[in-house]
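Read the structure below first, then the notes.
Counting starts at 1 for both ligands and their atoms, following the listed order.
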Amino acid sequence: EPLYIITPTYRRPEQIPELTRMSHTLMLVKNIHWLVIEDANVATKQVTRLLERTGLKFDHLTAPMPEKYKQKKGAKPRGVSNRNRGLQWIRANATDGIFYFADDDNTYDITLFDEIRKTKRVSMFPVGLCTKFGLSSPILKNGKFVGFYDGWIAGRKFPVDMAGFAVSVKFLLERPNATMPFKAGYEEDGFLKSLAPFEPRDIEFLAGNCTKVLAWHTQTKKNDPSAPLDMKLYGNTNLIKLKE
Ligand code: UGA
Ligand code: MN
């Protein structure tokens, strides 16, 4: 069964390096279908070329953030239109398998994908380097779920990171209204709540009953987008062109 990886991405100097690293992880995993969705009106050529070079099965889609959120000051709902586009693609094209929301800047152990393949409905697992606690994870005591560990609970029913859960396609298809809200900080919680009927007791715990960290919420230092070389975007030495 295919494993659909839904990856939001957007144009910036770090885009090609991030996607290069992530693609090299996915190239080590069997039966992946990578849905790369850009927050842009037009797909970036260099991204398509990179995807073609990987030999991975992929679709390169676009889903710009609506203007009203783009213009908002403060926290924006990053990657939400992208992920909802991914869900729309799944509903239109997939019948079985599992999907996983994997941001382009995180770090993934390849064994995570073997774990995720065990998902029957909704699975969860730890994410390292996440929030001020350095870890976001369900807590199990003697194999029983007792709560969530996360540096930002904020009244959430499911205080988990985007990289900390996976969902079966069939489970999603049985829930035609499931969607991710444009609500900064509450994207994961909102999406998981939209999967109702779904309660914490229904969660399948992976990664050795949540004892292993197989995904990390790494973040890349921002680089100056006005750097003088086109390589700021393209990254690939084959594509570097000096500006006149
Ligand atoms: C935090 C959370 O830890 C993530 O679980 C959550 O996905 C994200 O916020 C969110 O707001 O949705 P953080 O590292 O702060 O993660 O967010 P980014 O990595 O900057 O962005 C999340 C994803 O959206 C990335 O794949 C990024 O490429 C994409 N993105 C970001 C866009 O498509 N457009 C943007 O304007 C910004
Ligand atoms: Mn990130």
Would you say NZ of Lys212 has more than 12 non-hydrogen atoms from neighbouring residues, nucleotides or ligands within 6.0 angstrom?
no

Across all chains, not counting sequence neighbours, the salt bridge (charged side-chain N to carboxylate O under 4.0 Å, His left out) partners of Lys76 are none

Numbered in order shown, the ligand 1 atoms found under 4.0 Å of a heavy atom of Asn82 are 33 (O)

Here the atoms of ligand 1 under 4.0 Å from any heavy atom belonging to Asp105 are 14 (O), 19 (O)

query: Looking only at heavy atoms of Glu188, does any of them come nearer than 4.0 Å to an atom of ligand 1?
result: yes

re atom 12 (O) of ligand 1, the protein heavy-atom contact at minimum distance is Arg78 O, 2.7 Å

The closest protein heavy-atom partner of atom 32 (C) of ligand 1 is Tyr10 CD2, 3.5 Å

Honestly, for Lys70 the part within reach of ligand 1 (heavy atoms, under 4.0 Å) is neither

Criterion ring-ring contact (aromatic ring centres under 6.0 Å, His included) on Phe133 and Tyr149, from CA distance to verdict: CA-CA 8 Å; Phe133 289 177; Tyr149 183 83; 5.1 Å; yes

Determine whether a donor-acceptor pair (N or O, by modelled atom type, separation under 3.5 Å) exists between the side chain of Asp150 and the backbone of Trp152. yes

Ranking Asp103, Asp39, Val80 by closest non-hydrogen atom to atom 6 (C) of ligand 1, top hit is Asp103

Identify all side-chain donor-acceptor contacts of residues 25-36 below 3.5 Å with residues at least two apart in sequence or on another chain.
residue, atom, partner, partner atom, Å
Thr25, OG1, Arg21, O, 3.3
Asn31, ND2, Glu1, O, 3.2
His33, NE2, Asp59, OD1, 2.8
Trp34, NE1, Thr7, OG1, 2.8

Test: Lys70 and Glu67 ion pair at under 4.0 Å:
yes

* Say whether Glu18 and ligand 1 are in contact under the criterion: heavy-atom distance to a ligand atom below 4.0 Å. => no

Atom 16 (O) of ligand 1 has as its nearest protein heavy atom His217 NE2, 3.1 Å

| request: Salt-bridge test for Arg78 and Glu187: reply yes if a basic N is under 4.0 Å from a carboxylate O, no otherwise. | output: no

- Would you call Asp103 and Arg83 a salt bridge, using N to O less than 4.0 angstrom? yes

Of all protein heavy atoms, the one nearest atom 14 (O) of ligand 1 is Gln219 NE2, 2.8 Å

Protein N/O/S atoms closer than 2.8 Å to the Mn ion (ligand 2), ordered by chain and number, come to Asp105 OD1, Asp105 OD2

Judged by heavy atoms only, the candidate from Thr7, Asp161, Asn106 nearest atom 5 (O) of ligand 1 is Asp161

Taken in chain and number order and not counting sequence neighbours, the residues that satisfy side-chain contact (heavy atoms from CB on, under 4.5 Å) with Asn93 are Trp89

heavy-atom search around atom 25 (C) of ligand 1 in the protein gives Asp104 OD1, 3.6 Å

Counting from 1 in the order shown, the ligand 1 atoms closer than 4.0 Å to a non-hydrogen atom of Pro8 are 24 (O), 25 (C), 26 (O), 27 (C), 28 (O), 29 (C)

**Prompt:** Under 3.5 Å, is there a donor-acceptor pair between the Thr119 and Glu204 side chains?
**Reply:** no

A student checking ligand 1 against Arg83 at a 4.0 Å heavy-atom cut-off should list atoms 6 (C), 7 (O), 12 (O), 22 (C), 23 (C)

For the residue pair Phe165 and Phe125, is the inter-centroid distance of their aromatic rings smaller than 6.0 Å?
no

> Is the gap between the ring centers of Phe158 and Phe198 under 6.0 Å?
Replying inline: yes

Is it true that Thr9 and Asp104 share a donor-acceptor pair across their side chains at a distance under 3.5 Å? yes

So the atoms of ligand 1 within less than 4.0 Å of a heavy atom of Met162 turn out to be 5 (O), 7 (O)

